[in-house]
Amino acid sequence: MIRITKIFTFETAHVLYNYDGKCKNMHGHSYKLFVTVKGEPIDDLENQKNGMVVDFGDIKKIVKDEIVDLWDHSVLVNGASPHKTLGESLQDQGHKVIFCDYQPTCENMLYEIASKIKSKLPSHVQLAYLKLHETENSYGEWLAEEN
């Protein structure tokens, strides 16, 4: 079994409803996402991907389409909270808003990222690990064996 990792960066803001610290105010982060998948390298001379678990370009396409291109330079808002009104106001002013059905913390973002990536991976490849940095020294992790 081999694990391979691709790293992505994106800029996203969020606002945390009913939070008791300074992060209750809308603010943004330069997120750094590590995506690790695992599988057996293809062993077929006739296959263009011979020797690979999966092409790094295929991982890039999935993560860009499902996460980065959607979330980059947007604001994540808990659409199930009173912040929905704030999000709608921002949208009306031309801002890119993503309404989540959860509190948009690093932890909950990891659950959504995992779900989106897993649904798009080829059947012979498994999502193994995610790490999402909000800041240089603060991050969350998702491990397949624990989920």
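Hydrogens, waters and symmetry mates play no part in the numbers below; they use all other heavy atoms, side chains included.
Within the model, atoms CG of Asn78 and OH of Tyr102 stand 9.5 Å from one another, a figure rounded to the nearest 0.5 Å. Interatomic distance, NE2 of His95 versus NE2 of His73, reported as 13.0 Å (0.5 Å rounding). Atom NZ of Lys64 is separated from atom CG of Leu70 by 10.0 Å, given to the nearest 0.5 angstrom. The distance from atom CD1 of Ile67 to atom CZ of Phe10, rounded to the nearest 0.5 Å, is 7.0 Å. Once rounded to the nearest 0.5 Å, the distance linking CE of Met109 with CG of Leu130 reads 11.5 Å. Atoms CD and CD1, on Glu66 and Ile113 in that order, are 11.5 Å from each other to the nearest 0.5 Å.
Residues Glu134 and Tyr139 form no side-chain contact, since every pair of their non-hydrogen atoms from C-beta on lies 4.5 Å or further apart. Annotation: side chain of Met26 is in contact with side chain of Leu90 (closest heavy-atom distance under 4.5 Å).
The shortest heavy-atom contact between Leu16 and Pro104 is CD2-O, 3.6 Å. Across all non-hydrogen atoms, the minimal contact from Thr36 to Arg3 is CG2-CB, 3.8 Å. Among all heavy-atom pairs drawn from Pro41 and Gly51, the shortest one is CB-O, 3.6 Å. Shown here for Gly140 and Cys106, the closest heavy-atom pair between the two residues is N-SG, 3.6 Å. In plain terms, the two heavy atoms of Lys6 and Phe56 that are nearest each other are CD-O, 3.8 Å. Across Glu88 and Phe99, no two heavy atoms sit closer than the pair N-CZ, 3.6 Å.
Using modelled atom types, no side-chain atom of Glu146 and backbone atom of Trp142 make a donor-acceptor pair closer than 3.5 Å. Under a 3.5 Å cut-off, the side chain of His133 and the backbone N or O of Ser30 do not form any donor-acceptor pair.
The number of heavy-atom neighbours closer than 6.0 Å to CD of Glu46, taken from other residues, nucleotides and ligands shown, is 12 or below. By the 6.0 Å contact criterion, CG on Asp43 is open, its count of non-hydrogen atoms from other residues, nucleotides or ligands being 12 or less. Other residues, nucleotides and ligands contribute at most 12 non-hydrogen atoms within 6.0 Å of the NZ atom of Lys84. Counting non-hydrogen atoms of neighbouring residues, nucleotides and ligands closer than 6.0 angstrom, the CD atom of Gln48 reaches no more than 12 such neighbours. Within 6.0 Å of NZ in Lys32 there are 12 or fewer heavy atoms belonging to other residues, nucleotides or ligands. Within 6.0 Å of NZ on Lys96 lie more than 12 heavy atoms contributed by other residues, nucleotides or ligands.
Hydrophobic clustering, with ILVMFWY side chains joined whenever heavy atoms are under 4.5 angstrom apart, keeps Phe34 apart from Leu132. Cluster membership for Ile98 and Phe8, using ILVMFWY side-chain heavy atoms within less than 4.5 angstrom, is shared. Under a hydrophobic-cluster definition in which Ile, Leu, Val, Met, Phe, Trp and Tyr are linked whenever side-chain heavy atoms come within less than 4.5 Å, directly or via other members, Leu121 and Ile42 are assigned to different clusters.
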Worked check of side-chain hydrogen bond (donor to acceptor under 3.5 Å, both in side chains) between Tyr129 and Glu141:
CA-CA 7 Å; Tyr129 173 75; Glu141 297 175 300; 2.5 Å; yes
Let's go through Ile59 and Ile4 carefully: what are the C-alpha distance in whole Å and the side-chain angles of both, what is the deciding distance for side-chain contact (heavy atoms from CB on, under 4.5 Å) to 0.1 Å, and is it a yes or a no?
CA-CA 10 Å; Ile59 296 171; Ile4 61 171; 3.8 Å; yes
Hey, mind stepping through Leu33 and Trp71 against side-chain contact (heavy atoms from CB on, under 4.5 Å) and telling me if it holds?
CA-CA 12 Å; Leu33 174 64; Trp71 289 7; over 6 Å; no
Where do Glu11 and Asp72 land on the side-chain contact (heavy atoms from CB on, under 4.5 Å) test, with the steps shown first?
CA-CA 5 Å; Glu11 310 293 325; Asp72 191 43; 3.8 Å; yes
From CA spacing to verdict: side-chain contact (heavy atoms from CB on, under 4.5 Å), Lys131, Thr5
CA-CA 10 Å; Lys131 178 164 66 171; Thr5 300; over 6 Å; no
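A side chain to side chain contact (heavy atoms under 4.5 Å, CB included) with Val37 is found for one member of Ile2, Leu127, Ile62 and no other, namely Leu127. For the side chain to side chain contact (heavy atoms under 4.5 Å, CB included) test with Gln103, the passing option among Leu76, Asn18, Val15, Asn108 is Asn108; the others fail.
Applying the salt bridge (Lys or Arg N to Asp or Glu O under 4.0 Å) definition to pairs two or more places apart or across chains, those involving residues 50-59 are Lys49-Asp55.
For the ring-ring contact (aromatic ring centres under 6.0 Å, His included) test, residues two or more places apart in sequence or in another chain that qualify with His14 are His27, His29.
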